There are 2 protein chains.
Amino acid sequence: MKPEHIDVTAPSGGHLPGNCQAVSSILARIGDKWSVLIIMALGDGSRRFNEIKRMVGGISQRMLTLTLRGLERDGLVTRTVFPTIPPRVDYELTDLGRSLRKPVETLGAWAFEHLPEIQSAREQFDRNATGV
Amino acid sequence: MKPEHIDVTAPSGGHLPGNCQAVSSILARIGDKWSVLIIMALGDGSRRFNEIKRMVGGISQRMLTLTLRGLERDGLVTRTVFPTIPPRVDYELTDLGRSLRKPVETLGAWAFEHLPEIQSAREQFDRNATGV
DNA sequence: CCGAATCCACCACGATACTG
DNA sequence: CAGTATCGTGGTGGATTCGG
């Protein structure tokens, strides 16, 4: 590793070798297909499984289960089972999960703000490409 | 509370149906394996192809090419070819690309800050899982 | 109602070899 | 040096079925 590694954290901060990788693994969770949607769906309180499913829309049962498991594993949501019949399971953001909402919203706001620029950039790029 | 669609943008903003999807497509780019690393590598000025390759480290030639293409398509980086021999290609962040650095760093800082919490949460979760 | 399990299609990605 | 082309593979995610 001769060239300096890259620091995803603030420019002023120091850098340790393993961090980049670890931070990447977290960014991978943020960037995956459903995590952010689910986190936003849980924004204002606890929700039941199928409730989340309806809110997110288009997610399969399997992926909802898997993604929720992942979020639970990372300590971002809690899973509460009510042993009733029919069963009922509530999901809720932890403090850690709630603390993630702000940076995610920041990024979401950026995406939303620059949506037109990006879309027109894509169109223009694709126009040039189709000409080939 | 009747679940509707989810708004990834700031809570105050209005919501249009297609935006969630469009914003997701942008988040997908942010969250993919290499984009963020490359953006940070281009942080302070223009870089050549192999220069980026060395900085990122572990990326294949193929993925670097593809990711750079994607970033270029989205209007985040510019690609400048010098028709010399041997050829030389410089990549540089656009204004749009540079404007993305701040929110990304915010998220990176969050990830870095909560790294220990998340890692210990993962360990604890995995301990319970292995015990089954 | 919640979720686990199975099957399967797709494509993301790496490795390698070749070109201008 | 900066790509492109091709192949192989593991993982991701949808559809479906079963179970408690």
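Keep in mind the model is a prediction, meaning the values are calculated, not measured. To find a chain, count down the sequence lines: A is the first, B the second, and so on, and within it residues start at 1.
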Does anything in residues 67-78 of chain B come within less than 4.0 Å of DNA chain D? Heavy atoms only, and list the residues if so.
Arg69(B)

Contact check, side chains of Glu105(B) and Met40(B), non-hydrogen atoms, under 4.5 Å
yes

State, yes or no, whether a side-chain contact exists between Asp44(B) and Arg47(B) at a heavy-atom distance under 4.5 Å.
yes

Group every Ile, Leu, Val, Met, Phe, Trp and Tyr by side-chain heavy-atom contacts under 4.5 Å, then state whether Val89(B) and Phe125(A) land in the same group.
no

Quick one: salt bridge (Lys or Arg N to Asp or Glu O under 4.0 Å) partners of Arg48(B), sequence neighbours excluded?
none

Under 3.5 Å, which protein N or O atoms sit close to an N or O of nucleotides 17-20 of chain C? Give each pair with its distance.
none

Tabulate below the donor-acceptor pairs under 3.5 Å that side-chain atoms of residues 75-83 of chain B make, not counting sequence neighbours, or state none.
from, atom 1, to, atom 2, distance (Å)
Thr78(B), OG1, Glu92(B), O, 3.3
Arg79(B), NE, Tyr91(B), OH, 3.3

Estimate the overall bend of the helix from dC1(C)-dG20(D) to dG20(C)-dC1(D) from the end axes over five pairs each, rounded to 10 degrees.
40°

Who pairs with Arg98(B) by side-chain hydrogen bond (donor to acceptor under 3.5 Å, both in side chains), at least two apart in sequence or on another chain?
Asp95(B)

Search all heavy atoms of Pro103(B) against all heavy atoms of Leu107(A) and return the closest pair with its distance.
CB-CD1, 3.6 Å

Under the rule for side-chain hydrogen bond (donor to acceptor under 3.5 Å, both in side chains), what residues qualify as partners of Arg88(A), not counting sequence neighbours?
Asp90(A)

Return each pair, listed once, that meets side chain to side chain donor-acceptor pair (under 3.5 Å) where at least one residue sits in residues 28-39 of chain A; pairs must be two or more places apart or across chains.
Arg29(A)-Asp74(A), Asp32(A)-Ser35(A)

On DNA chain D, reading 5' to 3', which nucleotide is the first and which the last to sit with an atom under 4.0 Å from a heavy atom of chain A, could you check?
dG13(D) to dG20(D)

Report, one pair per line, the protein and nucleotides 12-15 of chain C atoms (nitrogen or oxygen only) whose separation is under 3.5 Å.
from, atom 1, to, atom 2, distance (Å)
dG14(C), OP2, Ser60(B), OG, 3.3

Side chains of Glu51(A) and Ser46(A), heavy atoms from C-beta outward: is any pair under 4.5 Å?
no

Side chains of Trp110(B) and Lys102(A): does their closest heavy-atom pair fall under 4.5 Å?
no

Do Ile30(B) and Val36(B) make a side-chain contact, defined as non-hydrogen atoms from C-beta onward lying under 4.5 Å apart?
yes

Can you list everything that forms a side-chain hydrogen bond (donor to acceptor under 3.5 Å, both in side chains) with Glu123(A)? Sequence neighbours excluded, please.
none

Under 4.0 Å between any heavy atoms, over every strand shown, what does Phe82(A) touch: base, sugar-phosphate, or nothing? Just pick one.
nothing

How close do Ser99(A) and Leu96(A) get, counting heavy atoms only, and between which atoms?
OG-O, 2.7 Å

Residues 57-67 of chain B side chain polar contacts: donor-acceptor under 3.5 Å, at least two apart:
from, atom 1, to, atom 2, distance (Å)
Ser60(B), OG, Met63(B), N, 3.2
Thr65(B), OG1, Gln61(B), O, 3.0
Thr67(B), OG1, Met63(B), O, 2.7

